[in-house]
**Student:** 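Submitted below is the structure of interest, expressed as structure tokens.
Remember, it's a predicted structure, so these values are computed and weren't measured experimentally.
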Amino acid sequence: MRKVVVVTGANSGIGLALCERLLLQDDQIRLCLACRNMQRAEAARSALLSSHPSADVGIVQADVGSIKSVLQAAKTLKERYKQIDYLYLNAGIMPNPQINLKALVKGLFSRNVISMFASGEGLLTQKDSVTEDGLQEVFETNVFGHFILIKELQTLLCHVDNPSQLIWTSSSNARKSAFSLADYQHRQGQESYSSSKYATDLLSVALNRQYNKEGLYSSVVCPGLVMTNLTYGILPSFFWTLLMPIMWLIRVFTNSFTISTYNGAEALLWLFNQKLESLDPLAKYHSCTSGLGRNYVKPLRMDLDDASSLSFYGKILDLEKQIRKRFVPGNC
């Protein structure tokens with residue numbers, strides 16, 4: 001049977017680059033772009049079909065920042081497919097990013113300049129908001145909406161005789177110091193993006209513990225420092241014009257500056273070709289680009305453990321119960 005691949009946030013950036021690379025490798029897959037904006041999704045689909053006219057490329061509306069939209073998307077996918085082989089959980093937001101210019105200038109002339117750009121530590125803060133579901137927007141979009149999508153698609157994902165894979169787009173900005181189990185939605189802090197990506201890492205580990213025996217595996221990826229709409233939104237365009245020569249120079253000394261979306265999708269594509277049972281559930285798979293432009297994948301152990309991941313998983317299950325009560329007929 002032809003493999004079914006669903007990619008959230010597939011209309012631009014790393015998601016779209018991944019779709020192009022998947023079709024370049026295997027144009028016999030059944031690819032589905034799960035996007036919030038259907039006009040952009042259709043444009044992305046048309047662009048992919050112009051390069052691969054015989055490909056099977058579908059679209060489905062899926063706003064992972066809305067539980068109602070996620071439930072409807074899952075319903076559509078269950079009507080369309082009998083199994084999903086790969087679910088790329090790629091959609092994500094970093095709303096209202098603000099940069100500490102003083103820290104930026106200071107960091108440019110310090111020995112920590114490479115680490116500063118690679119992780120964003122000490123540089124970025126965000127102003128989060130609350131969704132119609134009563135959840136923090138970054139947490140719901142980057143973590144919880146995807147979790148509900150997984151739960152809704154369990155019957156399509158869990159097959160012992162034909163395993164499926166979840167692949168999360170995480171970040172090197174996923175820092176333990178930004179996350180608190182007592183405030184896992186990050187209501188009180190200003191680093192909601194970093195917190196949400198660490199929560200993604202925790203959730204992936206817990207999902208492996210819960211679902212490997214049912215034929216479902218989960219992995220996380222760091223695409224490196226990639227220039228996407230999300231990245232360009234952090235600073236005014238003229239700043240990026242000034243910084244790009246420095247970033248290309250730094251790239252000679254570090255492998256995490258992938259820069260292009262094509263390079264950033266390296267680890268996501270690499271996982272598509274691996275035996276699921278051979279993957280390390282505690283590793284994050286990093287897209288890397290050498291100073292000479294060679295792409296490769298480097299697994300690095302994440303700064304977490306089984307106990308913390310299972311504690312977070314318990315919190316997520318409790319939240320799921322609360323949220324689902326609102327969508328029971330008669331409780332709307």
Side-chain angles (χ1 to χ4, degrees), residues 1-65 69-70 72-93 141 146 149 153 156 164-169 221 223-233 237 240 244 257-274 287 289 293-297:
M1 294 178 64
R2 298 165 68 184
K3 292 180 180 179
V4 175
V5 183
V6 178
V7 183
T8 69
N11 61 271
S12 64
I14 293 170
L16 182 56
L18 169 65
C19 292
E20 175 64 30
R21 294 192 65 176
L22 285 168
L23 291 174
L24 279 171
Q25 177 175 299
D26 182 3
D27 63 2
Q28 294 303 302
I29 63 172
R30 300 183 67 191
L31 179 63
C32 181
L33 318 183
C35 307
R36 176 176 55 183
N37 186 307
M38 291 301 282
Q39 184 175 357
R40 292 178 181 176
E42 188 56 58
R45 178 178 180 272
S46 297
L48 292 169
L49 288 175
S50 67
S51 302
H52 309 276
S54 63
D56 182 342
V57 182
I59 59 175
V60 63
Q61 187 165 29
D63 178 1
V64 286
S69 176
V70 169
Q72 181 57 50
K75 182 175 181 292
T76 301
L77 290 169
K78 285 186 284 189
E79 292 171 350
R80 188 180 301 176
Y81 305 112
K82 294 182 179 180
Q83 176 168 336
I84 293 175
D85 299 281
Y86 296 88
L87 177 56
Y88 283 92
L89 305 158
N90 170 73
I93 60 170
T141 304
H146 281 128
L149 183 62
L153 296 176
L156 275 65
S164 297
Q165 187 173 21
L166 309 171
I167 302 174
W168 300 80
T169 301
V221 163
L225 181 60
V226 181
M227 304 310 296
T228 64
N229 291 336
L230 187 150
T231 315
Y232 282 117
S237 58
W240 288 118
M244 283 306 293
F257 280 37
T258 48
I259 307 296
S260 75
T261 55
Y262 179 95
N263 296 344
E266 183 72 18
L268 291 97
L269 181 67
W270 182 84
L271 285 169
F272 179 77
N273 297 304
Q274 304 309 305
S287 296
T289 304
R294 182 179 68 87
N295 291 328
Y296 61 99
V297 176

**Student:** In terms of ring plane angle, is the pair Trp168 and His146 parallel, tilted or perpendicular, where the classes change at 30° and 60°?
**Tutor:**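 Because their plane-to-plane angle is over 60°, the rings of Trp168 and His146 count as perpendicular.
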
**Student:** Without hydrogens or angle criteria, can the side chains of Ser164 and Asp85 be said to hold a donor-acceptor pair below 3.5 Å?
**Tutor:** no

**Student:** Output the distance between atom NZ (Lys3) and atom CG (Asp26), rounded to the nearest 0.5 Å.
**Tutor:** 7.0 Å

**Student:** Once you round to the nearest 0.5 Å, how far does CG of Leu268 lie from OG1 of Thr169?
**Tutor:**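 OG1 of Thr169 is found 4.5 Å from CG of Leu268.
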
**Student:** Measuring only between side-chain heavy atoms, which start at C-beta, is Asn90 closer than 4.5 Å to Leu18?
**Tutor:** no

**Student:** Do the non-hydrogen side-chain atoms of Leu31 and Leu48 ever get within less than 4.5 Å of each other?
**Tutor:**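 Leu31 vs Leu48: side chains touch.
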
**Student:** If the condition is salt bridge (charged side-chain N to carboxylate O under 4.0 Å, His left out), which residues does Arg2 pass it with, not counting sequence neighbours?
**Tutor:**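 Once residues adjacent in sequence are excluded, Arg2 has no partner under the salt bridge (charged side-chain N to carboxylate O under 4.0 Å, His left out) criterion.
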
**Student:** Could you measure the distance from the CZ atom of Arg45 to the SG atom of Cys35? Nearest 0.5 Å is fine.
**Tutor:**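 If we round to the nearest 0.5 Å, Arg45:CZ and Cys35:SG are 12.0 Å apart.
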
**Student:** Mind listing the closest non-hydrogen atom pair of Leu23 and Val57 along with its distance?
**Tutor:** CD1-CG2, 4.1 Å

**Student:** Compare every heavy atom of Ala10 with every heavy atom of Cys19, then report the nearest pair and how far apart it is.
**Tutor:** SG-CB, 3.9 Å

**Student:** Return the minimal non-hydrogen interatomic distance between Ala34 and Val6, and the atom names on each side.
**Tutor:** CB-CG1, 4.2 Å

**Student:** What is the distance from atom CZ of Arg21 to atom CG of Asn295, rounded to the nearest 0.5 Å?
**Tutor:**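 If we round to the nearest 0.5 Å, Arg21:CZ and Asn295:CG are 6.0 Å apart.
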
**Student:** Can you tell me how far apart CG (Leu77) and SG (Cys32) are? Round to the nearest 0.5 Å.
**Tutor:** 5.0 Å

**Student:** Mark yes when over 12 heavy atoms from residues, nucleotides or ligands other than Arg40 sit less than 6.0 Å from its CZ; otherwise mark no.
**Tutor:**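 No, CZ of Arg40 has 12 or fewer neighbouring heavy atoms, counting only those of other groups under 6.0 Å.
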
**Student:** Any chance you could measure Gln274, atom CD, to Leu269, atom CG, to the nearest 0.5 Å?
**Tutor:**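 Rounded to the nearest 0.5 Å, the CD-CG separation comes out at 9.5 Å.
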
**Student:** Holding to side-chain hydrogen bond (donor to acceptor under 3.5 Å, both in side chains), I want the full list of residues that pass it with Lys78, two or more places apart in sequence or in another chain.
**Tutor:** none

**Student:** State, to 0.1 Å, how close Leu156 and Gln83 come at their nearest heavy-atom pair, and which atoms those are.
**Tutor:**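 Taking Leu156 first and Gln83 second, the nearest heavy atoms are O-CG, 3.2 Å.
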
**Student:** Under a 4.5 Å cut-off applied to non-hydrogen side-chain atoms, are Glu266 and Thr258 in contact?
**Tutor:** no

**Student:** Where is the tightest heavy-atom contact between Val297 and Ala267, given as atom of each residue plus distance?
**Tutor:** CG2-CA, 3.7 Å

**Student:** Is there a side-chain contact between Thr261 and Leu16 (heavy atoms, below 4.5 Å)?
**Tutor:** no

**Student:** On a heavy-atom basis, which atom in Val64 and which in Ala91 lie closest, and how many Å separate them?
**Tutor:**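 Closest approach of Val64 to Ala91, heavy atoms only: CG2-CB, 4.0 Å.
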
**Student:** Can you confirm whether Tyr86 sits close enough to Leu22 that some side-chain heavy atom of one is under 4.5 Å from a side-chain heavy atom of the other?
**Tutor:** no

